[in-house]
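Here's the structure we're looking at; comments come further down.
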Amino acid sequence: MGETINAGIAMMKVLEDWDVQQVYGIPGGSINSTMDALRVEKDKIAYIQVRHEEIGAFAATAHAKLTGKLGVCFGSAGPGATHLFNGLYDAQMDHVPVLALIGQVRTADMNWDSFQEMNENPMFADVSVYNRTVMTAESLPHVVDEAIRRAYKENGVAVVTIPNDLGTKEIPSEFWSSGHSYVQPVLPAPDSQMVKKAIDLISTANRPVIFAGIGVKGATDELIALAKHLKLPVVMSSISKGIIPDDFEGNMGSAYRVSTKPGNETLEQADLIMMIGADFPFGRTKDLFKPEAKFIQVDIDSAKIGKRHDVDVPLLSDAKQTMVQLVVQSKEVAHRPFYEACVANMKNWRAYLQQLADKKTEPLEVGSVFKQINRVATGNDVFAIDVGDVTMNSLRFLNMNPKQKFTTSALFATMGYGVGAAIAGKLTYPDRQVFNLTGDGAFSMVMQDVLTQVKEKLHIINVVFSNESFDFIKDEQEDEKQKFFGVDLQGADYAMIAQGMGALGITACTHEELVAAFDTAIKVEGPVIIDVKIRNNRPLPAEKLQLDPATNSAQEIADFKRRYEAEALQPFSVYLNEFEVE
């Protein structure tokens with residue numbers, strides 16, 4: 001036999017060839033051969049010991065969302081494996097490449113109902129694009145290499161189950177990996193005739209709108225140029241926040257419930273929608289895309305075209321190239337009343353948000369907290385956003401630019417995402433300021449992994465919005481005319497809990513304490529938890545507006561404005577009439 005290499009170390013060499021920087025997980029008896037290989041290769045791949053495998057999976061998924069590169073996590077057989085599901089389903093539903101290494105009992109113990117032995121392949125079948133159990137030590141590096149290629153190709157989760165004894169064996173050293181030869185797919189250019197059809201359709205529309213998704217990432221300039229050239233307001237999917245600046249006049253924000261008021265109103269009035277690089281389920285399930293609206297769809301995935309609306313002009317092509325051609329092949333629109341009405345509507349909405357942010361009342365308001373976040377932001381920050389009212393408020397109040405990064409759990413919408421995502425954000429971008437913005441409900445599910453932030457000496461500013469309520473669900477119960485039940489939370493002193501874990505904990509109850517907390521947080525080393533005690537107020541429901549005399553009574557409008565402090569907020573119809581939109 002010629003030269004050999006340990007199979008587990010060979011697997012690590014494959015990960016190194018694919019430029020994997022971190023691996024997240026917790027040791028266990030059935031994954032110890034992988035742990036030993038990580039020990040040997042620790043100078044090339046960082047092992048990040050989390051306190052719950054779920055956080056490891058969240059971190060791996062967030063890494064993929066933030067960078068476009070593979071995230072890697074692992075769990076031992078049985079409970080370690082099942083703890084990964086929340087993070088893996090988040091990766092599946094938001095379409096990012098993640099590799100999950102799953103421990104298994106040694107081959108001699110398989111199929112004997114051994115301790116922690118489970119039939120893991122069927123468990124992971126639904127969440128994965130590739131799902132294999134390694135059968136021989138010699139095939140271990142090959143299977144992992146194949147899994148990574150599939151994860152990248154399908155933008156999904158690849159799962160490799162590894163019987164523990166296989167990673168301990170010696171194998172021939174002639175194995176190879178394909179990471180160094182990986183080539184990004186060449187994205188298709190748009191068909192010129194289809195571009196012309198799209199331009200002709202836009203030219204006949206009175207109220208055309210762009211709906212832009214994560215597929216426009218990296219094409220900030222092209223999207224803005226298209227919006228300006230053809231005077232098209234832009235509604236963004238929630239996960240696309242920051243791709244174009246929030247202060248761009250044509251940016252209407254996001255739609256449906258986790259949304260802005262102009263985002264919903266713009267789509268409601270659209271007679272043509274051009275959806276670019278997006279997969280927006282609420283377009284159909286909540287009727288945000290009107291059936292009668294003309295529809296242009298740009299996507300690189302043919303399976304997406306026609307999924308959310310009947311399509312008049314399909315463009316199976318790269319978003320950036322398509323937007324360039326739409327500008328090159330069309331005449332500039334000098335004046336579009338609908339665009340001008342949308343711009344005025346957004347100015348009114350931003351003035352409303354600023355009014356809320358400027359408040360200094362106590363108990364503290366959400367807007368005043370975001371005012372401090374915006375104040376201390378560097379312009380190059382990473383924002384890890386948890387799920388709940390904090391998602392909606394982040395989309396509304398954060399003032400972002402394309403240099404900053406924004407990540408949340410979008411379609412899976414799993415609470416607890418923020419802590420792990422912030423860990424990945426800081427490890428991936430150590431020179432950037434990183435925020436975890438979370439509600440007390442989500443934070444209390446995963447707060448043990450502040451210990452991971454402490455251990456890794458990560459300067460992360462964790463902002464906990466404490467109102468002792470599952471407010472997002474409470475609002476749903478209100479809308480369904482239910483009595484509130486199960487939504488009240490037991491409060492806690494999260495700053496004291498943070499101190500007990502070795503982090504800096506600060507409680508803010510007053511405006512003075514709030515300002516001081518952020519002044520301190522940006523200067524210290526290591527993780528900070530700012531426990532902000534906020535008023536339990538419902539954010540304005542942009543999907544259930546009661547502002548327009550044409551659809552609401554004077555009493556309904558007065559009650560709505562009083563509850564949401566929206567005296568100066570105007571219905572969109574005011575601007576449609578002002579600019580004489582047809």
Side-chain angles (χ1 to χ4, degrees), residues 14-25 44-48 50 55-74 87-88 90-101 129 144 147-158 178-180 182-185 187 213-220 237-243 277 300 319-320 378-385 400-412 417-436 452-453 456 458-460:
V14 171
L15 297 184
E16 292 163 19
D17 192 41
W18 283 97
D19 196 30
V20 172
Q21 303 294 316
Q22 299 97 19
V23 176
Y24 300 90
K44 298 176 181 176
I45 297 181
Y47 162 58
I48 308 301
V50 292
I55 295 297
F58 284 152
T61 299
H63 175 86
K65 291 180 185 182
L66 290 166
T67 67
K69 294 183 177 181
L70 184 83
V72 183
C73 58
F74 68 83
L88 298 186
D90 183 51
Q92 182 216 53
M93 295 188 74
D94 284 355
H95 305 292
V96 292
V98 168
L99 171 67
L101 303 175
V129 298
V144 170
I148 296 171
R149 286 200 305 273
R150 296 291 187 90
Y152 273 119
K153 180 179 184 296
E154 304 294 339
N155 282 317
V157 176
S178 58
H180 63 280
Y182 174 70
V183 179
Q184 289 277 3
L187 299 177
I214 200 69
V216 300
K217 193 173 185 178
T220 296
S237 66
S238 60
I239 54 174
S240 306
K241 170 122 175 135
I243 289 178
I300 59 170
K320 179 183 285 192
T378 64
N380 195 34
D381 318 81
V382 177
F383 294 103
I385 311 298
M400 289 189 62
N401 69 70
K403 292 180 181 179
Q404 294 168 310
K405 291 186 175 288
F406 179 97
T407 182
T408 190
S409 176
L411 287 183
F412 196 51
Y417 177 82
V419 168
I423 291 170
K426 191 63 180 178
L427 287 169
T428 307
Y429 301 103
D431 296 329
R432 296 195 184 203
Q433 187 164 261
V434 176
F435 292 87
N436 164 34
T452 304
Q453 298 181 6
E456 298 296 330
L458 303 177
H459 180 221
I460 295 170

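Small disclaimer: the values here were computed from a predicted structure and weren't measured.
Formation of a donor-acceptor pair under 3.5 Å by the Tyr429 side chain with backbone atoms of Leu66 is found in this model. The closest donor-acceptor contact from the side chain of Asp90 to the backbone of Ser409 lies at 3.5 Å or more, if one exists at all. Looking only at distances, a side-chain donor or acceptor of Lys426 sits under 3.5 Å from a matching main-chain atom of Arg432. Although no hydrogens or angles enter the test, the distance criterion places a donor-acceptor pair under 3.5 Å between the side chain of Asp381 and the main chain of Gly379.
The CH2 atom of Trp18 sits 11.0 Å away from the CG atom of Leu99 when rounded to the nearest 0.5 Å. Separating the CG atom in Asn380 from the CG atom in Asp431 is a distance of 9.0 Å, to the nearest 0.5 Å. For the atom pair CG of Leu458 and CG of Asn436, the computed distance is 12.0 Å after rounding to the nearest 0.5 Å. Interatomic distance, Thr220 OG1 to Lys320 NZ, rounded to the nearest 0.5 Å: 8.5 Å. Here the straight-line distance linking atom CD of Glu154 with atom CZ of Arg149 works out to 12.5 Å at 0.5 Å rounding.
Residues Ser178 and Ile148 have side chains not in contact (no heavy-atom distance under 4.5 Å, counting atoms from C-beta outward). Side-chain contact between Thr428 and Gln22: present, with at least one pair of heavy atoms (C-beta onward) separated by less than 4.5 Å. Side-chain contact between Gln453 and Val419: present, with at least one pair of heavy atoms (C-beta onward) separated by less than 4.5 Å. Looking at heavy atoms from C-beta onward, Glu456 lies in side-chain contact with Ile48 at the 4.5 angstrom threshold. Put simply, the side chain of Ile214 reaches to within 4.5 Å of the side chain of Ile243, judged on heavy atoms. Counting only heavy atoms from C-beta outward, the side chains of Thr61 and Phe412 never approach each other to under 4.5 Å.
The minimum heavy-atom distance linking Val382 with Gly425 is given by the pair CG1-CA, 4.3 Å. Between Thr452 and Val50 the shortest heavy-atom distance is OG1-CA, 3.5 Å. When every heavy atom of Leu411 is checked against every heavy atom of Met93, the shortest pair comes out as CD1-O, 3.4 Å. Closest approach of Gly213 and Ser237 over heavy atoms only: CA-OG, 3.5 Å. Residues Ala57 and Gly87 share a closest heavy-atom pair of CB-CA, 3.6 Å. When all heavy atoms of Ala64 and Pro97 are compared, the closest pair comes out as CB-O, 3.4 Å.
Remark: Asp94 pairs with Lys65 by the salt bridge (charged side-chain N to carboxylate O under 4.0 Å, His left out) rule, at least two apart or across chains. Checked against side-chain contact (heavy atoms from CB on, under 4.5 Å), Met400 has the following partners two or more places apart in sequence or in another chain: Lys241, Asp246, Phe383, Leu398, Gln404, Phe406.
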Step by step, work out the side chain to side chain contact (heavy atoms under 4.5 Å, CB included) result for Tyr24 and Leu427.
-> CA-CA 11 Å; Tyr24 300 90; Leu427 287 169; 3.5 Å; yes
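Between the side chains of Tyr417 and Thr407, at least one donor-acceptor pair of N or O atoms lies under 3.5 Å.
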